[in-house]
Amino acid sequence: MLLRLPTSVSEAQEYLAQGAVPIGGATLVWAGWQRDGFPELAMSLRNLPEANGIGRETLGAAVLLHRIDERVPEVLRRAAGTVGTGAVRRTATVGGNIVGSTLRCLLPAALVLDARATVLSQDRVFETDLTELVAKRHVLLSLSWDAPLVSGYRKLPAEAGGPPPLVVATAVHADACGHRRLRVAVRDGYEVFSESADLSADAGRTADAVEASALGSLPAGARTVLREQVTEILTRAAEH
């Protein structure tokens, strides 16, 4: 296998046109390649500046999970910190987790941030939403979002080898007029669901509105955790 390491977008597009398979840390594909055979040409974005940024409102696809720190919102930082083991986090990338993984541990966090994806094709760079990113498995360059007032993340414990643990991500956003909106995303099994609701002066009413949405069809245990996390984030938002 020949590995290409582009340092510019045009170079990366050239390798895509040649049939290069995008890889990050290859933590999710290495075993399959050992079993089925390695591709002739692969490409990593680890030397591409556009895929390596970390900031208050941006995160590159080639960033290793262990590098995600206080520069990004709490929900994204905590999501990255719970992925696999320390060894996995030192190898796995943002793009590999969101696009290449069936677990997509970072996706709920990105959804509550209302993140947009900048993606790469052979002939252009363009922006799209997370739904299209995951469905079409685009080559992700970076994520961007508007910083929330507050955010939170909870991942339940799970036994190794068992079903994926429940994840609840939350964030409260405010627009220029001061209007506040709560965004919630839940990973239940391999499925990820998201909803949003206007903030009410009564936190209980906001929590009720979330439960009255499609998230109300979650199992009882998941709904309990969801309400706990919504109540917690609304309490924190009230302090801002």
Side-chain angles (χ1 to χ4, degrees), residues 53-59 63 65 67-83 94 97-98 103-117 129-131 142-158 164-189 191-240:
I54 307 177
R56 184 168 177 262
E57 297 184 337
T58 187
L59 184 64
V63 172
L65 300 187
R67 292 181 53 213
I68 298 177
D69 55 22
E70 289 78 8
R71 287 172 286 182
V72 305
E74 177 185 340
V75 63
L76 198 51
R77 181 176 73 253
R78 292 179 60 187
T82 65
V83 174
V94 171
N97 183 273
I98 293 179
L103 293 176
R104 300 191 297 271
C105 300
L106 301 186
L107 182 58
L111 284 169
V112 299
L113 293 176
D114 198 19
R116 300 286 295 175
D129 58 40
L130 296 175
T131 300
S142 63
L143 298 172
S144 60
W145 58 84
D146 292 328
L149 287 176
V150 290
S151 62
Y153 183 87
R154 184 176 176 185
K155 183 177 185 179
L156 296 189
L166 180 75
V167 164
V168 179
T170 53
V172 173
H173 298 262
D175 62 21
C177 298
H179 176 75
R180 294 187 174 193
R181 191 163 184 82
L182 168 69
R183 296 185 65 87
V184 182
V186 177
R187 187 188 71 188
D188 181 41
E191 298 296 324
V192 178
F193 310 92
S194 64
E195 291 289 344
S196 63
D198 290 332
L199 261 66
S200 167
D202 183 343
R205 290 178 60 187
T206 303
D208 289 342
V210 171
E211 289 192 15
S213 70
L215 296 180
S217 63
L218 291 168
R223 293 200 306 272
T224 297
V225 176
L226 172 63
R227 192 172 187 95
E228 290 173 353
Q229 293 306 107
V230 167
T231 300
E232 177 185 319
I233 202 68
L234 294 180
T235 300
R236 292 173 54 195
E239 299 172 355
H240 286 72

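Position 1 is the first residue of the sequence; numbering continues from there. All figures in this text were calculated on a predicted structure; none of them were measured in a lab.
At least one side-chain heavy atom of Pro73 sits less than 4.5 Å from a side-chain heavy atom of Trp145.
The two residues Val167 and Lys155 have their closest heavy-atom pair at CG2-CG, 3.7 Å. Residue Ala169 comes nearest to Val75 through the heavy atom pair CB-CG2, 3.7 Å, listed as atom of the first residue, atom of the second, then distance. Nearest approach of Ala237 to Val172, heavy atoms of both residues: CB-CG2, 3.9 Å. Between Ala174 and Leu149, the shortest heavy-atom contact is CB-CD1, 3.8 Å. The two atoms that bring Pro164 and Gly189 nearest to each other are CB-O, 3.5 Å, heavy atoms only. The shortest heavy-atom contact between Asn97 and Leu106 is OD1-N, 2.9 Å.
Distance OG/Ser196 to CG/Leu182: 8.0 Å, rounded to 0.5 Å. Distance CG/Leu103 to CZ/Arg187: 5.5 Å, rounded to 0.5 Å. Leu143 contributes atom CG, which lies 7.5 Å from atom CG of Leu76 (distance to the nearest 0.5 angstrom). The CD atom of Glu228 lies 14.0 Å from the CD1 atom of Ile233; values are rounded to the nearest 0.5 Å. In this structure, Leu130 CG and Arg104 CZ are separated by 11.0 Å, a value rounded to the nearest 0.5 Å.
Arg227 and Asp208 are joined by a salt bridge, as a carboxylate oxygen and a charged side-chain nitrogen come within less than 4.0 angstrom of each other. By the 4.0 Å N-to-carboxylate-O rule, Arg154 lies too far from Glu232 to be salt-bridged with it.
Atom CG of Asp129 is surrounded by more than 12 heavy atoms from other residues, nucleotides or ligands within 6.0 Å.
Put simply, the side chain of His173 gets close to the backbone of Val112: a donor and an acceptor are under 3.5 Å apart. When atom types are taken as modelled, the side chain of Arg183 and the backbone of Leu111 share a donor-acceptor pair closer than 3.5 angstrom. Panel note: side chain Glu57, backbone Ala147; a donor-acceptor pair is recorded below 3.5 Å. Side-chain atoms of Arg236 come within 3.5 Å of backbone atoms of Ser151 as a donor-acceptor pair (strictly under, hydrogens ignored).
When Ile68, Val94, Val72 are each tested for a side-chain contact (heavy atoms from CB on, under 4.5 Å) with Ile54, only one passes: Val72. Of the options Thr82, Thr170, Val168, a side-chain contact (heavy atoms from CB on, under 4.5 Å) to Tyr153 is made by Thr82 and by none of the others.
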